[in-house]
Amino acid sequence: VQLQASGGGLVQAGGPLRLSCAASGPTFSMYGMGWFRQPPGKEREFVAAISLNGGNAYYVDSGKGRFTISRDNSKNTVYLQMNNLKPEDTAVYYCAARKFQFTTYPNDYDYWGQGTLVTVSS
C-alpha cells in the first residue's frame, strides 16, 4: 500500500482544513487508517483513526469535537476534517495504514504517507 497525503497549508487560528490521504492498491478496505502528527521538535503523536468500514473512529482528546476522520473505500481515500484550528495543531501530519485493526500507536502501523505540513497562525 502506498499512501499520498495532501491538503496541508497555512491557516489562521479558528479556521478549517481538510487533509486527504489517497491509497494505492485494491485492498484499501482491509486496512485500519490513522492520522498522526509531529509538531516541531516533538515526537510523533496520534490524532485520529478509523476502522475498516468507517463505523468506528477514535480521536486524541484535544481533537474531539474539532476533528473528524472519514473514509471513502470506493475512492481509496481517508480524510481528516479539522475545524477551529489552534496554533498548537501546527505539525507535519501523516496518514498510516494497518492491516485490519487500527490502533493509536504509530509503531503498529505498516505503511506511511510522506506527510503534509499544517501551520496554524495566531
Just grab all the salt bridge (charged side-chain N to carboxylate O under 4.0 Å, His left out) pairs involving residues 47-63, residues at least two apart or on different chains.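 Counting only pairs at least two positions apart or across chains, the salt bridge (charged side-chain N to carboxylate O under 4.0 Å, His left out) contacts touching residues 47-63 are Asp61-Lys64.
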Rounded distance [0.5 Å steps], OG in Ser51 versus CE in Met33 =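 Here the interatomic distance stands at 12.0 Å.
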OG of Ser29 to CG of Asp72, rounded to nearest 0.5 Å, is 11.5 Å
Are [Y] and [X] linked, directly or through intermediate hydrophobic residues, by side-chain heavy-atom contacts shorter than 4.5 Å (ILVMFWY only)?
{"X": "Tyr94", "Y": "Leu85", "value": "no"}
{"X": "Phe67", "Y": "Val78", "value": "yes"}
{"X": "Phe100", "Y": "Tyr58", "value": "no"}
{"X": "Phe102", "Y": "Ile50", "value": "no"}
{"X": "Leu10", "Y": "Met82", "value": "no"}

| request: Return the minimal non-hydrogen interatomic distance between Gly7 and Leu17, and the atom names on each side. | output: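 Closest approach of Gly7 to Leu17, heavy atoms only: O-CG, 3.6 Å.
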Apply side chain to side chain contact (heavy atoms under 4.5 Å, CB included) to Trp35 and Leu19, showing your working. CA-CA 10 Å; Trp35 284 98; Leu19 306 182; 3.7 Å; yes
Between Glu43 and Gln38, does a side chain to side chain contact (heavy atoms under 4.5 Å, CB included) hold up when you go through it step by step?
CA-CA 6 Å; Glu43 297 289 318; Gln38 188 163 14; 5.7 Å; no
In residues 111-122, what donor-acceptor pairs under 3.5 Å come from side-chain atoms, sequence neighbours left out?
| unit_1 | atom_1 | unit_2 | atom_2 | d |
| --- | --- | --- | --- | --- |
| Gln114 | OE1 | Ala5 | N | 3.1 |
| Gln114 | NE2 | Ala5 | O | 2.8 |
| Thr116 | OG1 | Gly8 | N | 3.0 |

Contacts satisfying disulfide (SG to SG under 2.5 Å) that involve residues 9-122 (not counting sequence neighbours) are Cys21-Cys95
Kindly state each residue pair satisfying side chain to side chain donor-acceptor pair (under 3.5 Å) with at least one member in residues 100-110, sequence neighbours excluded.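 Listed by first then second residue: Thr103-Asp108.
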| task | Using the side chain to side chain donor-acceptor pair (under 3.5 Å) rule, collect all pairs that involve residues 75-92, keeping only residues at least two apart or in two chains. | result |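 Checked against side chain to side chain donor-acceptor pair (under 3.5 Å) - neighbours excluded - the pairs reaching residues 75-92 are Arg37-Asp89, Arg66-Asp89, Gln81-Asn83.
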Applying side chain to side chain donor-acceptor pair (under 3.5 Å), name anything that partners Asn56, two or more places apart in sequence or on another chain.
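Listed in chain order: nothing, the list is empty.
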Exercise for the section: Before giving the answer on side chain to side chain contact (heavy atoms under 4.5 Å, CB included), spell out for Leu80 and Tyr93 the whole-Å C-alpha distance, their side-chain angles and the decisive distance to 0.1 Å. Expected result: CA-CA 10 Å; Leu80 182 67; Tyr93 283 71; 4.2 Å; yes
Is there a side-chain contact between Pro39 and Glu45 (heavy atoms, below 4.5 Å)?
yes
- [ ] Tell me whether the guanidinium CZ or amine NZ of Arg98 lies under 6.0 angstrom from the six-membered ring centre of Tyr31 and within 45° of its axis.
- [x]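 Geometry flag: not set, cation outside 6.0 Å or 45°.
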Applying salt bridge (charged side-chain N to carboxylate O under 4.0 Å, His left out) to Lys42 and not counting sequence neighbours gives none
Taking the six-membered ring for Trp and the single ring otherwise, decide whether the centroids of Phe46 and Phe36 are under 6.0 Å apart.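 Here the rings of Phe36 and Phe46 have centres that are less than 6.0 Å from each other.
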